Structures are given as structure tokens and as C-alpha cells.
A.B. asks: 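I am attaching a structure below and will ask some questions about it afterwards.
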Protein chains: 2
Amino acid sequence: MPGLDDTDHEILQLLLEDARRPYSDIAERVDLSAPAISDRVDRLVEMGLIQGFTVDVDRSLLQAGVPVLIEVDAKPGRAADIAASVSDADSVERVYRTAGGRVMLAATVPQSDASELLAEHVDLGDVNRYEVRMIADSEWAVGLGGAEFAPDCAECGNSVDEEGEQRTLDGERYYFCCGSCAERFVDQYESLKDGV
Amino acid sequence: MPGLDDTDHEILQLLLEDARRPYSDIAERVDLSAPAISDRVDRLVEMGLIQGFTVDVDRSLLQAGVPVLIEVDAKPGRAADIAASVSDADSVERVYRTAGGRVMLAATVPQSDASELLAEHVDLGDVNRYEVRMIADSEWAVGLGGAEFAPDCAECGNSVDEEGEQRTLDGERYYFCCGSCAERFVDQYESLKDGV
DNA sequence: ATTGAAAGAATATATAT
DNA sequence: ATATATATTCTTTCAAT
């Protein structure tokens, strides 16, 4: 199990601040060569820590309206469907599905008309109740702190330490707390796949 | 007031998918030259539509624990402070402050112990009540849809159309629905600044 | 917005620590 | 295993149109 050293943290932090920063610039700041940065970034992507490079779009400029947080209390078993269908809406920026059958959306809706957004994208028969609140302010963390690389075991959910293992299945990387969890997971994964 | 054409939309969409994609690659896809892409991206940044280039970090791999949504019901007037102080916590990924004195956090906390996170970063005397819910699934929109560039007037809040105006104050760009709103805003801005 | 030239950055390979 | 130096390739930027 590869951990993260201080340099990895610095690289991550620098990329969080500006993902188009040249590797040579990063290299200089962390006292390494550009190829070394390239290798490390590749590794961070491989590890699944960097999920992608993206652009921070101010959606409030794109969609006339006010930013709101909508909390949807779904009927039993309907939350996943609601989360999936609502995320197709152009005005929806982020979707969280939580335990207890609730779905929280951050969206920008015209003159605080959230009901229309829901009516268009979800079956209101699936909804018990919903609540809309205007967002006054939102921000996202650009800091990482001294966080450790600490994935959860894909099989049992325990945290993975130095003795952990990893497997790559269909391009996705999975982490495990021990060899037996890894094997159990892989077996299950493959039998599921054979079934298809 | 400059609008967005289809090409701008495509560029934005391509950058959302991969912000490190070379401009030459984008150029090919939208049938333009690389320098043209560079100019347009610069304009999108100037407009404030692109707020920055960043990296999508899987924080659940960095912080041992489970992802949760924490809803904090703040005492009157304390929400802004809570939002500010809590966003310093390493485990907090996103903070929304909504009308009605509530703060919603997306965070990753060790063995669903959210109270510790709050206790460490906010004065619990400021809090009426809070609720923690495990996040089962979360995703963010990578699509833009056919959204129009539709900023709200910085002065009156109405939507800004073709006849709108824009001013740049201390490097920040502001949009207005009409000239008088722009003037009022600038006057107020400057008198506030003089006061300091 | 394009072209073409020049500067600059990323990667592959071989090599050294 | 991990970093480096160099060479090659690919990108971006700048000027002129």
C-alpha cells in the first residue's frame, strides 16, 4: 500500500489551487524535476485520489435564478431513482443522497421556483415532502490539511493501513484491509460479472 | 453585454470533463484554431464564468471515516461565523449557508463522529441543534445543458439581458441590468471604500 | 479568427542514486 | 524503487494578416 508523502500533499494542494499550473512550476516549488511531478501526478490519478481535472464554473451566472438547497424526503426505496433523475437537470449542480431516503440538491432555480424543477424531473408520487432554502453563501475547501491517505476496505469497510492490499478491476482501483478481503471481493466481483 | 455562443458552451463542457485537455484538442473538436480557444478561455475567465481550474480530489480516500451531511441550526446571527470557522476543518469539503440561519456541511468524519468535528471548530453555544446523515452517494453535474449566460444585477437582483452593463471593480467583474444600477452600485462601492 | 514561427512544457528513454 | 538528464514531441503564445 503506497502512502502519501509530504511532496504528494504539496502537489495536490498546488493542483487544487490551479490545475493548469505547469509541472515545471510545481517541480520548482517542491524541489523536484518536472518528470518526477508527472510521475507522481500519474500515481495520484491511479490511486483514485485525483478523480479528474476540472473547471470551477460559476453556475449562478449561467442559470437565471437564485441558488437553493432542496431537501427531498423520498418514499421508501425511491431515493436512488430521484437522485439519478434529478441530476440530469441543467440547473442542478450537486446531488447528495443520504441514508434515510433523503436527497439533497444544490441548484439554481428561477425566482425560487423549486417545485417546477422537481415536477419536471422526478415523479412527485415518490416524494413525501420537500424543503427549499435559499443559499446565502457557499464555498468549497481548497485546503487539504495534513490528511492521510486512508481508504476504507472495499469489502469490509474497515480502514486500510500499511499492510493493506489493492486490486485493479476493470480499470477501477480498490483497496482492502487484508488479503482475504481482497480475495473475497474479487471472487464476488468475478462471479457477478460471469452472471451477466 | 457579451453573451455565450454555442462554441463557448462546448469549450466549457470540454473543460468540465477534463481541464488539462490541450487547447489544440479543443480547437479540433470545435473547429477553431488553438489561439482562438486560448482567447475564448481568457474571456470566460474574465467574465467570471470560469472561476478557476482545479482538481477533483476524492476526499473520502484521504480522511478515514464516512462521508456525512451535517445540518447545523445556528442561533440568530451566528450562521456566518459558524460557516466560516467550520470551513477551516480539514475534513470539511463543502459548506452551504442558507437563509434561516442554517449551515449545511459535506464532510468526512471518523466513525460517524460529527460532534467532535463541530466541537473542535464551532462554539456549541451558537448552535441550537444539528443533524448528521450519512451520504450514500453524491455526484456533481458535469453537464451544462443549454444554459444561457444570465447573471443577476449586482445592484437590484433582476436578471441582466443584452442591454445590461458591466463594471470591473478591484479586479472583480460585476453585471448590471441598466446604467443607473451600475452607477448606484459604483457610487456606493466607492464611498464604502473611501470610508476605510 | 487564422497562419506560421518561436518559446515553452510534457513525456519517454536511458541512466544514476 | 525513485529521481534525473536529455531528447523528442506536443502545446501555447506572439506577431502579422
Side-chain angles (χ1 to χ4, degrees), chain A residues 1-57 144 147-151 160-168 171 173-176 179 182, chain B residues 1-47 49-57 61-62 149 162 171:
Chain A
M1 256 276 304
L4 290 190
D5 61 18
D6 290 350
T7 307
D8 291 320
H9 275 118
E10 279 186 80
I11 294 173
L12 226 33
Q13 181 65 52
L14 289 166
L15 286 175
L16 270 170
E17 285 161 17
D18 178 7
R20 278 193 90 102
R21 200 193 293 269
Y23 288 173
S24 52
D25 175 302
I26 299 176
E28 212 172 290
R29 289 168 195 259
V30 305
D31 269 316
L32 246 61
S33 67
I37 304 299
S38 172
D39 288 350
R40 278 175 182 258
V41 172
D42 287 350
R43 206 183 94 241
L44 292 170
V45 172
E46 279 242 306
M47 285 169 92
L49 230 134
I50 292 180
Q51 302 234 285
F53 297 88
T54 187
V55 89
D56 181 11
V57 173
L144 229 43
E148 278 309 303
F149 182 59
V160 175
D161 64 10
E162 290 299 309
E163 268 100 74
E165 309 214 354
Q166 53 186 310
R167 299 290 141 87
T168 306
R173 179 153 310 200
Y174 297 91
Y175 297 94
F176 305 94
Chain B
M1 257 275 304
L4 290 190
D5 62 17
D6 290 350
T7 307
D8 290 320
H9 274 118
E10 279 186 80
I11 293 172
L12 226 34
Q13 181 65 53
L14 289 166
L15 286 175
L16 271 170
E17 285 161 16
D18 178 7
R20 278 194 91 100
R21 199 192 296 268
Y23 288 173
S24 52
D25 174 302
I26 300 177
E28 209 173 293
R29 288 167 195 261
V30 305
D31 268 316
L32 244 61
S33 67
I37 304 299
S38 170
D39 288 350
R40 279 175 183 257
V41 171
D42 286 350
R43 208 183 93 242
L44 292 170
V45 171
E46 279 242 306
M47 287 168 90
L49 228 128
I50 292 180
Q51 303 235 284
F53 296 88
T54 186
V55 90
D56 180 12
V57 174
L61 285 178
L62 264 184
F149 182 59
E162 289 300 307

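Chain letters run A, B, ... following the sequence lines, proteins first, then strands; residues in each count from 1. Being a predicted model, the structure only gives us computed values, none of them experimental.
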A.B. asks: Whole Å only: how far is the CG atom of D39(A) from the P atom of dA10(C)?
C.D. replies: 13 Å

A.B. asks: If you take all heavy atoms of A27(B) and A34(B), which pair is closest and at what distance?
C.D. replies: CB-N, 3.6 Å

A.B. asks: Nearest heavy-atom pair of Y23(B) and I37(B): which atoms, and what distance?
C.D. replies: O-CG1, 3.8 Å

A.B. asks: Taking all atoms of both residues into account, what is the closest heavy-atom pair of V55(A) and L16(B), and its distance?
C.D. replies: O-CD2, 3.6 Å

A.B. asks: In whole angstroms, how far is the P atom of dT3(C) from the CD1 atom of I37(B)?
C.D. replies: 13 Å

A.B. asks: Taking all non-hydrogen atoms of both residues into account, name the closest pair between L61(B) and M47(A) and its distance.
C.D. replies: CD1-O, 3.7 Å

A.B. asks: Given the rule in the salt bridge (Lys or Arg N to Asp or Glu O under 4.0 Å) test, do R29(B) and D25(B) qualify, once you have shown the distances and angles that lead to the verdict?
C.D. replies: CA-CA 7 Å; R29(B) 288 167 195 261; D25(B) 174 302; 2.7 Å; yes

A.B. asks: What is the distance, to the nearest angstrom, from the CD atom on E28(B) to the P atom on dT3(C)?
C.D. replies: 13 Å

A.B. asks: Return a single string for nucleotides 6-17 of chain D, one symbol per nucleotide in 5' to 3' order, where B is base contact, S is sugar-phosphate-only contact and - is none, cutoff 4.0 angstrom on heavy atoms.
C.D. replies: -----SSBB---

A.B. asks: Could you give the CG-to-C1' distance, from D42(A) to dT11(C), as a whole number of Å?
C.D. replies: 9 Å

A.B. asks: Check whether any side-chain N or O of T54(B) sits under 3.5 Å from a backbone N or O of A19(A) as a donor-acceptor pair, and report yes or no.
C.D. replies: no

A.B. asks: With sugar-phosphate meaning primed atoms plus P, OP1 and OP2, does L32(B) contact a base, only sugar-phosphate, or nothing at under 4.0 Å between heavy atoms?
C.D. replies: sugar-phosphate

A.B. asks: Can you tell me how far C1' of dA3(D) sits from CZ of R40(A), to the nearest Å?
C.D. replies: 9 Å

